[in-house]
Amino acid sequence: MFNSVLLIEDNLGDARLVSNHLSGRFKEEGAMLQAPTLAAGLDVLRRKPVDLVLLDLGLPDSHGLQGYFAVQQQAPDTPVLILTGTDDEEQATQALRVGAQEYLPKQQANSVTLVRAMRHAVERGKQKRALRDSESRMRALVDAAGEGVLQLDSQGRVIYLNAWASQMLGLPADGAGTTCGGQPVTFLDLVRPADQGTAQALLSTSVGRRSSRELGLLRPDGARCWVMAAASSYALPDEAVPETVLILTDITLRKLDEDGLRQVKHELEHGAIRRAAMLEAATADLQAINRAMTHDLQSPLHGIIGMTRLIRTDDQALLPATAQLRLESLEQSALEMNDLLCGLTSVAALNTHVPLRDALDLSTMAQEIATRLCADSPSRDVRWIIAPVLHAWGDQALVTKLLENLLDNAWKYSAQTSQAVIEFGQEEAPARGVATYFVRDNGQGFDPAAASLLFEPFQRRLASRKRAGNGLGLAVVKRIVAAHGGEVWAECQPGVATTFRFTLERASRRVPLC
């Protein structure tokens, strides 16, 4: 009994005859589908799976085995029975060779022979799928093995290699045993000249026996590896020369002798010494640049700033308004450059600082910073909310710098707010499993989409604050927090609040952090 059978036949009389032969041979829900052309049959196969295809080779839109190849491509798992009006033995042999399950001339078809041929075709299709599945499982097992596996034909050419062998030999991982250019690879081409005789003897292993040899192999990229190659041969019915299976075990590390190891060690040590010297020289250069920024560059800037202020103050009545604006712009540019140099100096100073853990009173540190900021700008009316008794462990100098940068940031960007509020405290429920501290202000805020860029140097211009800054202060904050094993992140509700949160590593011992 069949579920569904597709008959591709353009002759209505032959189609009716086949239908009569199959009468009563379908299950209750089954049916025979009929297509008058190859194109119509392929369309049926695209829409509906069938148990079997009965295919005529003399269709209006196909000739010979073209129709079979098209059906096979569309439905490779569906068995095909060639049912044609030509009793051609050569064509029948060719059809069976390329994969058709049966070939039955129409004049030989009746209710008995047709049903028998259909059953044979379905059964052979099942066997073909089972064989293919078995082969796939076997290849998967070989590919998963921890050894390289090669299959060589009777001429010693690689016809299959697993993933391990592909990686070991530097050949494409397609299992076909070809070079990147698609040329077949002979195993002897991979063996170094000194081991050619050994490899020849290995490939001459008799059928039913097994032998192994150590071989030095040369990969196509010129690299060398050593393997223990185990060979066994098997004979095919139609081949006089047997084929060979090689199992390769990588023993390259074992073949490195003590002199080679010492040479490698010497080269590594020499390279480490050379890199250390380069690093020391680079550090010295950075320190020299740092000294230049702190003195050689900042001193002229201070002169420019001071002289500009003197001119604006002493000669204010003599200077036109345009000159006053230009001097003010010049002074502002010099101040911004001075801020940039100070930021770069702070970043560079972190490289030479060896942080320690101390017991810190964060509330007192924050209060001292707030007092200093208020003294510098007594005209500002800012409400400070500093939580009492906040303690942590960390480096006194670095954490002070961290708080200075965050509180100065809040002070600076709340300057345009009529009732500015700056708050420093600790979260009630830590977000990261450790104490989470925060600095919050109700200033201008920033674009929430740019939050991840705030802590990157020179990225502050992407924020929406009126004065962009150079971002070095927050970059220093990020590095200090990272040195303490913590995290820092920012959140903003534009026009409501800007919050910077950070964590510090839990610790209770005075030990170096690095």
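FYI, side chains are in, hydrogens and waters are out, and symmetry mates aren't considered; it's all heavy atoms of this structure.
- For the pair Gln34 (side chain) and Glu9 (backbone), a donor-acceptor distance under 3.5 Å is present.
- Counting non-hydrogen atoms of other residues, nucleotides and ligands closer than 6.0 Å to CD of Gln167 gives a total of 12 or fewer.
- With contacts defined as side-chain heavy-atom distances shorter than 4.5 Å, the pair Leu188/Gln200 qualifies.
- Side-chain contact between Pro193 and Leu218 is present, with at least one heavy-atom pair separated by less than 4.5 Å.
- In the displayed structure, Arg209 atom CZ is contacted under 6.0 Å by at most 12 heavy atoms of other residues, nucleotides or ligands.
- The closest side-chain donor-acceptor pair between Asn110 and Thr113 falls under 3.5 angstrom.
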> Could you walk me through whether Thr37 and Leu59 pass the side chain to side chain contact (heavy atoms under 4.5 Å, CB included) check?
Replying inline: CA-CA 6 Å; Thr37 64; Leu59 296 170; over 6 Å; no

>> side chain to side chain contact (heavy atoms under 4.5 Å, CB included) for Leu150 and Phe187? Distances and angles first, verdict last.
In response: CA-CA 9 Å; Leu150 289 164; Phe187 179 70; 3.9 Å; yes

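- Contact of the Leu7 side chain with the Met32 side chain is registered, since non-hydrogen atoms from C-beta on lie closer than 4.5 Å.
- Within the 3.5 Å criterion, the main-chain N or O of Ser233 finds no donor-acceptor partner in the side chain of Thr205.
- When atom types are taken as modelled, the side chain of Asn405 and the backbone of Gly473 share a donor-acceptor pair closer than 3.5 angstrom.
- You'll find the side chain of Arg119 reaches within 4.5 Å of the side chain of Phe2, heavy atoms only.
- In this structure a side-chain-to-backbone donor-acceptor pair under 3.5 Å is missing from Thr503 to Thr436.
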> Where do Val71 and Thr78 land on the side chain to side chain contact (heavy atoms under 4.5 Å, CB included) test, with the steps shown first?
Replying inline: CA-CA 9 Å; Val71 170; Thr78 303; 5.9 Å; no

>> Before you tell me yes or no, could you show the steps for Glu123 and His120 under side chain to side chain contact (heavy atoms under 4.5 Å, CB included), namely the whole-Å CA-CA distance, both residues' side-chain angles and the distance that decides it to 0.1 Å?
In response: CA-CA 5 Å; Glu123 185 60 31; His120 290 174; 5.8 Å; no

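- At least one donor-acceptor pair under 3.5 Å links the side chain of Gln66 to the backbone N or O of His63.
- The closest side-chain donor-acceptor pair between Gln263 and Glu267 falls under 3.5 angstrom.
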>> Run Arg129 and Asp133 through salt bridge (Lys or Arg N to Asp or Glu O under 4.0 Å) and show every step you take.
In response: CA-CA 6 Å; Arg129 289 193 296 272; Asp133 292 344; over 6 Å; no

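- If you check the side chains of Thr249 and Glu147, you find a donor sitting under 3.5 Å from an acceptor.
- Using modelled atom types, no side-chain atom of Glu102 and backbone atom of Met118 make a donor-acceptor pair closer than 3.5 Å.
- The line from OG1 of Thr244 to CG of Leu202 is 8.0 Å long, rounded to the nearest 0.5 Å.
- In this structure the side chain of Lys126 reaches within 4.5 angstrom of the side chain of Val122, judged on heavy atoms.
- Of the possible polar contacts, one joining the His484 side chain to the Asp395 backbone as a donor-acceptor pair under 3.5 Å is found.
- A donor-acceptor pair under 3.5 Å is formed between the side chain of Asp195 and the backbone N or O of Gly216.
- Across all non-hydrogen atoms, the minimal contact from Tyr103 to Ala95 is CD1-CB, 4.1 Å.
- Each of Val44, Leu52, Val50 was evaluated against Ser4; a single residue qualifies, Val50, per the side-chain contact (heavy atoms from CB on, under 4.5 Å) test.
- Although no hydrogens or angles enter the test, the distance criterion places no donor-acceptor pair under 3.5 Å between the side chain of Ser19 and the main chain of Ala15.
- With rounding to the nearest 0.5 angstrom, the CD atom of Gln151 is 3.5 Å from the OH atom of Tyr234.
- Counting only distance, with no hydrogens or angles, the side chain of Tyr68 and the backbone of Gly99 share a donor-acceptor pair below 3.5 Å.
- The shortest side-chain heavy-atom distance between Leu6 and Lys48 does not fall under the 4.5 Å cut-off.
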